[in-house]
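First up is the structure itself, then whatever we jot down about it.
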Amino acid sequence: MAVYSQEQDNMVKWDGRSHSFYEVYFLKANLRPLSKAIWIRYTILAPKRGLGPPSASVWGMWFDEDNPPGNFALKETVAIEQTTIDRDIFYFQILEHAIYNNGMRGKLSSGGHEISWDLQYIPNESTFPLYPALFYHLPFPKTKFLSPNWSIGISGELKVDGKSYPLQNSPGQQAHLWGSSHAAKWAWGHCNTFKEDPGAVFEALSVQLNFGKKLSHPFTLFALKLGDGKIFKFHRVHQWFLNQSHNDQETWQLQGSGGFHQVKATFKRKLSQCLGVTYTDTDGSKLYCYHAEMADVEVELLESRKGKYQRILHLTSPQSGAFEVVERTPFSGMTLSL
């Protein structure tokens with residue numbers, strides 16, 4: 001059966017036997033203009049030997065800008081034997097939940113909340129790899145990250161706590177991660193809801209690794225695609241060190257230069273907009289993810305003219321960008337939903 005390269009990039013990487021391996025599929029969608037969003041994850045965890053058997057989980061997170069206390073997260077975890085993995089096409093099923101090349105379905109219920117989804121989208125013609133191509137074939141970095149569907153319109157049925165939210169071409173993203181272990185900490189952001197250019201997409205990742213007992217310098221890379229198809233990538237190896245990145249719990253500022261262009265970007269959120277969830281690494285250690293789907297995003301594109309950078313484009317996305325920070329210790333005073 002013929003499988004296009006975009007679908008091939010989405011197919012499950014875990015071989016069904018290996019330990020010290022994890023894999024993640026996620027989808028995010030903004031329900032504009034309702035000021036609401038969803039974040040859905042399908043995951044595999046095969047821990048190191050002696051730390052338990054492989055398992056699979058489905059996560060569903062709901063964000064409501066009009067009522068942040070109403071944000072909630074649900075999760076269901078099962079033994080890996082309760083999954084179906086197709087090795088000929090992209091199809092991954094956990095109990096009745098499933099993700100496939102042009103959609104996903106699922107239903108979660110716990111603690112008085114319920115969320116169900118049956119979503120479809122037209123797959124992108126090609127995968128967007130945030131890393132340079134060579135790094136998908138090398139041991140470093142330990143986590144591989146790409147987006148088979150970097151920017152899509154999502155349609156279908158979503159029901160949250162008994163209320164239906166029909167989606168019609170809602171802006172979103174579907175990405176795929178896998179590897180032997182998580183980074184020590186990272187910040188990540190994605191936006192495809194810019195007012196000035198609805199076809200524009202911006203994504204950024206800044207990662208710190210453990211080298212002995214010390215944390216590395218942040219390795220930072222990002223990319224900007226405009227609605228006319230022009231792409232500005234700041235992901236070459238030397239740029240990982242030269243790109244500037246600084247974040248705290250609520251703000252992230254980025255800057256990078258390459259060729260005749262420079263990009264500056266800012267993500268801003270309030271902690272009240274976040275959901276905190278706990279990840280388990282392959283060695284059993286914990287990570288704490290604080291994720292917001294309602295961040296303010298601002299991106300500036302500058303061009304060198306007569307030796308000086310001049311702004312040629314200013315993009316803004318109020319309260320509709322994704323921004324997460326993941327660390328090894330919980331945020332003080334911030335409640336974890338999972």
Side-chain angles (χ1 to χ4, degrees), residues 6 26-40 61-66 101-104 117 119-130 146-158 165-176 188-205 221-235 252-256 261-269 273 291-303 310-324:
Q6 171 272 346
F26 75 75
L27 176 137
K28 70 178 193 74
N30 289 90
L31 282 65
R32 305 182 75 191
L34 300 178
S35 297
K36 296 170 177 40
I38 56 168
W39 179 37
I40 299 170
M61 281 72 76
W62 174 246
F63 297 84
D64 186 345
E65 177 63 24
D66 296 330
N101 200 45
N102 65 340
M104 56 177 58
W117 59 93
L119 306 175
Q120 302 84 41
Y121 42 83
I122 298 174
N124 288 171
E125 292 184 1
S126 60
T127 295
F128 182 80
L130 190 59
L146 47 71
S147 294
N149 294 294
W150 197 36
S151 183
I152 47 177
I154 302 170
S155 300
E157 294 296 325
L158 173 70
Y165 295 92
L167 276 68
Q168 185 62 45
N169 206 36
S170 297
Q173 176 197 21
Q174 183 267 308
H176 184 195
W188 168 84
H190 178 278
C191 187
N192 60 344
T193 52
F194 293 105
K195 293 192 304 180
E196 297 80 5
D197 184 352
V201 191
F202 181 76
E203 185 170 36
L205 176 67
L221 55 164
F222 48 88
L224 171 66
K225 179 181 178 180
L226 304 183
D228 62 8
K230 293 179 182 177
I231 299 180
F232 303 88
K233 293 183 179 181
F234 300 80
H235 72 164
W252 185 19
Q253 294 181 314
L254 299 130
Q255 181 174 314
H261 294 95
Q262 183 180 81
V263 164
K264 298 179 180 179
T266 302
F267 289 79
K268 291 183 179 180
R269 67 184 186 183
Q273 298 172 309
H291 187 102
E293 284 289 340
M294 299 294 181
D296 294 323
V297 185
E298 182 176 359
V299 178
E300 296 177 89
L301 176 64
L302 300 91
E303 188 173 77
Q310 298 181 28
R311 190 171 74 181
I312 59 173
L313 184 65
H314 184 206
L315 300 175
T316 58
S317 178
Q319 299 181 342
S320 55
F323 171 29
E324 75 174 27

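Model, not experiment: these values are computed from the prediction.
The two residues T127 and Q6 come nearest to each other via the heavy atoms OG1-CA, 3.5 Å. The two atoms that bring Q173 and I152 nearest to each other are N-CG1, 4.0 Å, heavy atoms only. When all heavy atoms of L31 and S170 are compared, the closest pair comes out as CA-OG, 4.4 Å. Nearest heavy atoms, Y121 versus G153: CB-O, 3.4 Å. Shown here for E157 and L119, the closest heavy-atom pair between the two residues is O-CD2, 3.7 Å. Nearest heavy-atom pair, K195 versus P198, reported as atom, atom and distance to 0.1 Å: O-CD, 4.2 Å.
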Practice task
Would you check, one step at a time, whether the test side-chain contact (heavy atoms from CB on, under 4.5 Å) holds for F26 with H291?
Solution key: CA-CA 13 Å; F26 75 75; H291 187 102; over 6 Å; no
Exercise for the section: Using the side-chain contact (heavy atoms from CB on, under 4.5 Å) rule, take H176 and L146 through it: C-alpha gap first, then chi angles, then the decisive distance, then the call. Expected result: CA-CA 6 Å; H176 184 195; L146 47 71; 4.0 Å; yes
Handout entry: Chi angles and distances behind the side-chain contact (heavy atoms from CB on, under 4.5 Å) call for E293, Q273
Key = CA-CA 8 Å; E293 284 289 340; Q273 298 172 309; over 6 Å; no
Handout entry: Full working for side-chain contact (heavy atoms from CB on, under 4.5 Å) between F323 and K268
Key = CA-CA 8 Å; F323 171 29; K268 291 183 179 180; over 6 Å; no
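With rounding to the nearest 0.5 angstrom, the CG atom of L205 is 5.5 Å from the CG atom of L221. Between atom CG of residue N192 and atom CG of residue N30 there is a gap of 7.0 Å, rounded to the nearest 0.5 Å. With values rounded to the nearest 0.5 angstrom, L302 atom CG is found 10.0 Å from H314 atom NE2. Once rounded to the nearest 0.5 Å, the distance linking OG1 of T316 with CD of E196 reads 3.5 Å.
Not a single donor-acceptor pair under 3.5 Å links the side chain of D64 to the backbone N or O of K36. Judged by distance alone, the side chain of Q174 and the main-chain N or O of P148 form no donor-acceptor pair under 3.5 Å. Between the side chain of D197 and the main chain of G227, a donor-acceptor pair closer than 3.5 Å is present. Of the possible polar contacts, one joining the H235 side chain to the L130 backbone as a donor-acceptor pair under 3.5 Å is found. In this structure, S35 contributes its side chain and E65 its backbone to no donor-acceptor pair below 3.5 Å. Panel note: side chain S147, backbone A175; no donor-acceptor pair is recorded below 3.5 Å.
Side-chain contact check for V263 versus V299: some heavy-atom pair is nearer than 4.5 Å. Residues K28 and F63 are not in side-chain contact: their nearest non-hydrogen atoms beyond the backbone lie 4.5 Å or more apart. Side-chain contact between L224 and F234 is absent, with no heavy atoms from C-beta onward closer than 4.5 Å. By the 4.5 Å heavy-atom criterion applied to side chains, E300 and L313 are not counted as neighbours.
Enclosure of atom CD1 in I122 is not indicated, since only 12 or fewer non-hydrogen atoms of other residues, nucleotides or ligands lie within 6.0 angstrom. In Q310, the CD atom is crowded: over 12 heavy atoms of neighbouring residues, nucleotides or ligands sit closer than 6.0 Å.
Residues that satisfy the salt bridge (charged side-chain N to carboxylate O under 4.0 Å, His left out) test with D228, not counting sequence neighbours, are absent from this structure. Under the side-chain contact (heavy atoms from CB on, under 4.5 Å) criterion, A29 pairs with L27, I38, I154, L167, sequence neighbours left out.
No close placement of the F222 and W252 rings is indicated, their centers lying 6.0 Å or farther apart.
With respect to H190, the side-chain contact (heavy atoms from CB on, under 4.5 Å) criterion is satisfied by exactly one of W150, F202, F267: W150.
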